[in-house]
Asks: 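To start, I am sharing the structure in question, which I have written as C-alpha cells.
The structure displayed is predicted, hence computed values, not measured ones. We name chains A, B, ... by the order of the sequence lines, and we start the count at 1 in each one.
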There are 4 protein chains.
Amino acid sequence: MAKKAAANTLTRGYKKKARTRQQLLDAALRIYARTGVAGLALNTLAEEAGVSNGTVYNYFRTREEVLEAVGLELAVQLSQQILVFSEGVSSGAERLCIGVRTFMGKALDDPEWTRALITVVRYAEGMRSALANYLRADLQAGREQGDFDYANEEMAMAMVMSATMGAMNLVVEGIEMEHADRVAAEMILRSLGVSASKARKIASLPLPRTAD
Amino acid sequence: MAKKAAANTLTRGYKKKARTRQQLLDAALRIYARTGVAGLALNTLAEEAGVSNGTVYNYFRTREEVLEAVGLELAVQLSQQILVFSEGVSSGAERLCIGVRTFMGKALDDPEWTRALITVVRYAEGMRSALANYLRADLQAGREQGDFDYANEEMAMAMVMSATMGAMNLVVEGIEMEHADRVAAEMILRSLGVSASKARKIASLPLPRTAD
Amino acid sequence: MAKKAAANTLTRGYKKKARTRQQLLDAALRIYARTGVAGLALNTLAEEAGVSNGTVYNYFRTREEVLEAVGLELAVQLSQQILVFSEGVSSGAERLCIGVRTFMGKALDDPEWTRALITVVRYAEGMRSALANYLRADLQAGREQGDFDYANEEMAMAMVMSATMGAMNLVVEGIEMEHADRVAAEMILRSLGVSASKARKIASLPLPRTAD
Amino acid sequence: MAKKAAANTLTRGYKKKARTRQQLLDAALRIYARTGVAGLALNTLAEEAGVSNGTVYNYFRTREEVLEAVGLELAVQLSQQILVFSEGVSSGAERLCIGVRTFMGKALDDPEWTRALITVVRYAEGMRSALANYLRADLQAGREQGDFDYANEEMAMAMVMSATMGAMNLVVEGIEMEHADRVAAEMILRSLGVSASKARKIASLPLPRTAD
DNA sequence: AATGAATGAGTCTTCATTCAT
DNA sequence: CATGAATGAAGACTCATTCAT
C-alpha cells in the first residue's frame with residue numbers, strides 16, 4: 001500500500017534506477033536457478049536483464065557483489081514470506097512448522113526460485129544468518145513453551161535448516177508425494193523433541209491464509 | 001628400452017600410472033575442499049599434483065570427467081568406511097546411528113576431506129545414490145524391526161542425508177560442542193520416530209572399535 | 001525560482017561556471033600528480049571535483065580537451081611565476097638562474113604541482129613551447145652579455161629544460177640536500193659556459209623577494 | 001660466439017620458449033616506440049609478435065609485468081652497449097663522454113628504440129637504477145682523477161641522465177645539427193666542472209671503434 | 001606416458017561518451 | 001547548466017584443450 005502512494009512522488013529517475021536494479025536481480029535469480037553459480041556470466045546477466053553489459057557495473061562493482069546481492073535479495077524475500085505467514089501465531093512450534101511448510105509450498109510453486117535459494121544458501125554465508133534469526137526466535141520460544149527439547153541450539157538450527165533444504169530439494173527434483181510439506185515438518189518437529197502424536201497434530205493444522 | 005623389460009616395467013609402469021592418477025585425485029580433493037567446484041582449474045590441479053598440465057589429459061578426457069572421478073573416489077572411500085564400521089551390527093537403528101556418528105567423527109578428524117565431500121554431494125548426483133543404497137537398507141531394517149516410523153522413505157532418506165551433512169558442516173566450521181556426534185545422531189533418530197529415551201540410549205552406545 | 005532573479009544570478013551563474021571549471025582543472029592537476037596521464041579517468045575527475053560525470057562535458061568536449069586545458073593551465077601558472085620572479089633583473093644569466101631556482105623552490109613547496117608539471121611537460125608539446133619563449137630570451141641576453149657560450153641554441157634550451165626537470169624530480173622523490181636549488185643552478189650555468197667561480201657567485205645571490 | 005655453439009646443444013623446446021619471449025619483447029619495443037606506453041595493448045602485442053593473445057600470459061602474468069620486462073630488456077641492451085664502447089678507457093671523464101655520445105649516436109640511428117627508451121626510463125624506476133650504476137662509477141672515477149668537481153653526486157647523476165635524455169629527445173624530434181653528440185657531451189662535461197677547453201678536447205676525441 | 005608451449009573462445013572490467021530529465 | 005543512468009567498444013585476463021617433442 002504505502003509503496004504505491006510513495007512511488008508517484010518520487011522522481012522518475014529514481015524509479016528507473018530502482019527498476020533496473022530489480023531487473024538485474026530478477027535476471028540473476030533466473031540464471032542462478034537455471035545454471036547454478038558458475039553459469040552466472042555478467043554479459044549473460046546483462047542480456048537477460050535487457051541492459052548493456054556496462055550497466056551491470058553501475059550497480060555492482062564486481063561479480064562477487066552481484067552474487068552477494070542476489071543472496072541478500074533472496075533473504076529479504078524470504079523474511080517477508082515468513083513474517084507474513086507466521087504473524088499472529090505465538091507458539092514457537094507452530095511458527096516453525098508454518099515456516100517449514102511455507103518453504104515447502106514455495107518449492108512446489110516456484111522451483112526456479114527454490115533452486116536459486118538452495119544454491120545461494122550454500123554459497124553465501126550472509127544469507128544463512130538472515131534465515132537464522134527468525135529460526136532462533138522460534139526455537140527458543142518453543143523450548144520455553146515446553147514443546148522443544150534439544151541439547152544444543154546451534155545443532156538444532158543446523159538440522160532444521162539443512163533438513164528443510166534437503167526436503168525442498170527433493171521436491172524440486174520432482175519426487176511425487178502427498179503432503180510433502182506435512183511429512184517434512186512432522187519429522188523436523190520430532191527431531192526437536194516433540195512427541196510423535198503432537199508433531200502430527202501441529203503439522204496437520206491448516207496454514208493461515210493471507211490476503212495475497 | 002623401457003619397452004623391452006616387459007614383465008617388470010609393466011608392473012612398475014602400472015603402479016606408476018595408478019600413482020599418478022591417485023595424486024591427481026588427492027590433489028583434486030584438496031582443491032575442492034579449499035575452493036569448491038568452481039575453483040578446480042585443471043592447470044591448478046596439475047600444479048597441486050606435481051605434474052604438468054598435459055598429463056591430466058592422459059587420465060581424464062575433459063574437466064567433467066575429473067569431477068565425476070572425484071565423486072566416485074569419495075563414494076568408494078565412503079563405502080569402505082561405512083562397511084567397516086557397521087559390520088556385524090544387525091539393528092537398523094544402530095547401524096544408521098553408527099553411520100551418522102562415524103561421519104561426524106570424520107568431520108572432526110579431516111575437515112578437508114569433509115568439505116570436499118559436502119561440495120561433491122551437492123554437485124554430483126551419482127555420489128548421492130552411492131550413499132543412498134546403504135542408507136535405504138538401514139532404514140528398511142529399522143522399520144521392520146519396529147524402531148522407525150516414517151511416512152515416506154524418500155523423504156526420510158533426504159532428511160537423514162541433509163541433516164547429517166548440515167551437522168558435519170557445523171563441525172567443519174569450527175563450532176565447539178561436546179559429543180556433537182551423539183547430539184546429531186539422537187536428533188536424527190527422533191526424526192525417524194524413535195522415542196526420546198530410546199534415541200538417547202542408542203546414540204550413547206560406544207562405537208565399535210576397528211583394527212585400524 | 002532560480003530563473004527569475006536575473007541580474008544577480010547571471011553574475012553568480014558566471015562565477016559559478018568559472019568556479020566549476022577551476023574545480024575541474026584543480027582536480028585534474030591533483031590526479032595527474034598522483035597517477036600520471038593514464039590515470040586521469042573522467043569519471044574519477046568528476047568525483048574528485050565534486051561534480052557529476054556529465055558536467056565535465058559541459059566544459060570539455062573530449063578527454064583530449066581536458067588534457068590540453070590542464071597543460072595550458074600549468075603554462076599560465078608558470079608564466080605568472082616566472083614573470084613575477086625575474087622582473088627587474090636584466091642579466092640573462094641571473095634571470096635564468098632565478099628561474100631555475102624558483103622552479104626548484106616550487107618542487108620543495110608543492111610536490112603535487114611539480115609532479116603534474118613534469119608529467120605534462122613530457123606529454124604536451126604545447127606546454128614546452130610556453131616555457132621555451134622565456135628561456136630563449138634569457139639565453140640570448142646572456143650570450144650577448146658575454147656570459148654564455150653555447151654552440152647551439154636548441155641544444156642549450158633542451159639541456160636547461162631537461163636538467164631542471166631532472167633536478168626537480170630529484171627533489172620530489174625526497175632526496176635530502178642542502179641548497180639543492182643553488183647546486184642545480186650552478187651546474188646549469190656551467191654547462192652554458194659560465195666559469196666555475198662566476199657560476200657559484202651568481203647561484204649564491206639572494207632571490208629577489210616578492211610581495212606574495 | 002659461445003652462443004651459437006651452445007644453442008645447438010639445447011633442446012628445441014628451450015629455444016622456442018626463449019625465442020617466443022624475445023619475440024614478445026621485440027614486439028613490445030616496437031609498439032612502445034610507435035605509440036607510447038598507453039598504446040601497448042596486450043592483444044596488439046600478441047598480434048605484433050605473431051602469437052595468440054593467451055600466449056602472452058604464459059610469459060607475463062599481468063600487463064605491468066610486460067612493462068617491467070621491457071624496461072629491463074632495454075636496460076640489458078644498454079649495459080651491453082656501454083660496456084662495449086667504453087671498455088679499455090680508464091678516464092672517468094672520457095668514459096662518461098663516450099657513454100653520452102654513444103647514446104646520442106643511437107638516437108640518430110634508431111629513433112624507434114630511442115623513443116622506447118625515453119618512455120621507459122620515465123615510467124620504470126628499476127630501469128633508471130640499471131643506468132645509474134655505470135654512471136656513478138664514471139662520476140667517481142672522474143672526480144678522483146681531478147676532472148670533475150660537483151657538489152652532490154645524486155644531483156650530478158640526475159643532471160647527466162636527464163640532460164642526455166633531453167638531448168636524445170631533441171634528435172629524435174628531428175632537429176638538424178652538426179655533431180649533436182659532441183655538443184651535448186661538451187655541455188655535460190662543463191656542467192660537471194670540466195674547463196671549457198678541456199671539455200671541448202675530450203668531446204672531440206674519436207669514438208673507439210668496435211668489431212660490431 | 002609425460003611434458004609444457006600454444007591456442008582462442010569466453011569473461012570480467014574500464015571508461016569515454018551520450019542523452020533524457 | 002547539472003545530473004547520472006545507460007551505452008558499448010576496447011582491453012585485461014582465465015582456462016579447458018590440443019599437439020609436437
Asks: Step through the shown structure and confirm whether more than 12 heavy atoms of other residues, nucleotides or ligands are within 6.0 Å of CD on B/Gln77.
Replies: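 Result for CD/B/Gln77: enclosed.
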Asks: Counting any heavy atom closer than 4.0 Å, what does D/Val56 reach on the DNA or RNA strands: base, sugar-phosphate only, or nothing?
Replies: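 Nothing, no heavy atom under 4.0 Å.
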Asks: Can you confirm whether C/Phe60 sits close enough to C/Leu24 that some side-chain heavy atom of one is under 4.5 Å from a side-chain heavy atom of the other?
Replies: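 A side-chain contact under 4.5 Å exists here.
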Asks: How close or far is atom C1' of E/dA5 from atom CG of D/Leu24, stated in whole angstroms?
Replies: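 Checked: the CG to C1' distance equals 12 Å.
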Asks: Between P on E/dC15 and CD1 on C/Ile31, what's the gap in Å once rounded to a whole number?
Replies: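 Roughly 11 Å, once rounded to whole Å.
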Asks: Pick the closest DNA chain E nucleotide for D/Val51 and for B/Gly54 by heavy atoms, then say which residue is nearer the 5' end.
Replies: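 By nearest-heavy-atom nucleotide position, the 5'-most residue is B/Gly54.
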Asks: Output the single nucleotide from E/dC15, F/dG11, F/dC13 whose closest atom is nearest the side chain of D/Thr62.
Replies: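 Out of E/dC15, F/dG11, F/dC13, the nucleotide with an atom closest to D/Thr62's side chain is F/dC13.
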Asks: Nearest whole angstrom, please: distance from the P of E/dT3 to the OH of B/Tyr57.
Replies: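 Rounded to the whole Å, the gap is 15 Å.
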Asks: Could you give me the CA-CA distance, side-chain angles and deciding distance for D/Leu29 and D/Val70, then say whether side-chain contact (heavy atoms from CB on, under 4.5 Å) is met?
Replies: CA-CA 7 Å; D/Leu29 283 181; D/Val70 170; 3.6 Å; yes
Asks: What is the distance, rounded to the nearest whole Å, between atom CD of D/Glu47 and atom P of E/dT7?
Replies: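 Rounding to the nearest Å, CD of D/Glu47 and P of E/dT7 are 13 Å apart.
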Asks: By nearest atom, which of the nucleotides E/dA2, F/dA2, F/dA16 is closest to the B/Thr20 side chain?
Replies: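 My answer, after comparing the listed nucleotides, is E/dA2.
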Asks: Hey, which sits more toward the 5' end of DNA chain F by its nearest nucleotide, A/Gly50 or D/Thr44?
Replies: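 Whichever sits nearer the 5' end wins; that is A/Gly50.
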Asks: For B/Arg21 and E/dA1, what is the distance between atoms CZ and C1' respectively, to the nearest whole Å?
Replies: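 Interatomic distance, CZ of B/Arg21 to C1' of E/dA1: 15 Å.
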Asks: Heavy-atom distance under 4.5 Å between the side chains of C/Glu48 and C/Gln23, does that happen here?
Replies: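 Heavy-atom side-chain distance check fails, nothing below 4.5 Å.
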Asks: Nearest of F/dT14, E/dT17, F/dT18 to any side-chain atom of B/Asn53?
Replies: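 For the B/Asn53 side chain, the nearest candidate turns out to be F/dT18.
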Asks: So if I take every side-chain heavy atom of C/Arg63 and compare against F/dA12, E/dT3, E/dT17, which nucleotide ends up nearest?
Replies: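 Shortest atom-to-atom distance from the side chain points to E/dT17.
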Asks: Could you please name the option among E/dT13, F/dG11, E/dA6 that lies closest to any side-chain atom of A/Leu42?
Replies: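 The nucleotide sitting nearest to the side chain is E/dT13.
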Asks: Return the nearest nucleotide to the side chain of D/Ala41; candidates are F/dT18, E/dT13, F/dG11.
Replies: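 From the listed options, F/dG11 comes nearest.
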Asks: Report the C-alpha distance between B/Asn53 and B/Leu42 in whole Å, list the side-chain angles of each, state the deciding distance to 0.1 Å, and finish with yes or no for side-chain contact (heavy atoms from CB on, under 4.5 Å).
Replies: CA-CA 7 Å; B/Asn53 80 55; B/Leu42 293 204; over 6 Å; no
Asks: Starting from the 5' end of DNA chain E, give me the residue, D/Asn58 or C/Gly39, whose nearest nucleotide shows up first.
Replies: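 On the 5' side of the pair lies D/Asn58.
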Asks: Base, sugar-phosphate alone, or nothing: which one does A/Leu40 contact when heavy atoms must sit under 4.0 Å apart?
Replies: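 Sugar-phosphate contact only.
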Asks: Whole-Å distance between F/dA2 C1' and C/Arg19 CZ?
Replies: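 For the pair C/Arg19 CZ and F/dA2 C1', the rounded distance is 14 Å.
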Asks: Decide yes or no for D/Leu40 and D/Thr35: does some side-chain heavy atom of the first lie under 4.5 Å from some side-chain heavy atom of the second?
Replies: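 Side chain of D/Leu40 against side chain of D/Thr35, heavy atoms only: no contact under 4.5 Å found.
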Asks: Which nucleotide sits closest to the side chain of A/Ser52: F/dT7, F/dT3, E/dC15?
Replies: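 Among the listed nucleotides, the one closest to the side chain of A/Ser52 is F/dT7.
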Asks: Whole Å only: how far is the CD atom of A/Gln23 from the P atom of F/dA5?
Replies: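 From A/Gln23 CD to F/dA5 P: 14 Å.
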Asks: Identify which nucleotide among E/dT7, F/dA12, E/dC12 has an atom closest to any side-chain atom of D/Thr55, counting heavy atoms from C-beta outward.
Replies: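 That would be E/dT7.
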Asks: Output the rounded distance in Å from CZ (A/Phe60) to P (E/dC12).
Replies: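 So the CZ-P distance, A/Phe60 to E/dC12, works out to 14 Å.
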Asks: So what's F/dT21 paired with, Watson-Crick or G-U wobble, going by both distances under 3.5 Å?
Replies: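 WC or wobble partner is E/dA2.
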Asks: The side chain of B/Tyr59 lies closest to which of these nucleotides: F/dA16, E/dA16, E/dA2?
Replies: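 Among the listed nucleotides, the one closest to the side chain of B/Tyr59 is E/dA2.
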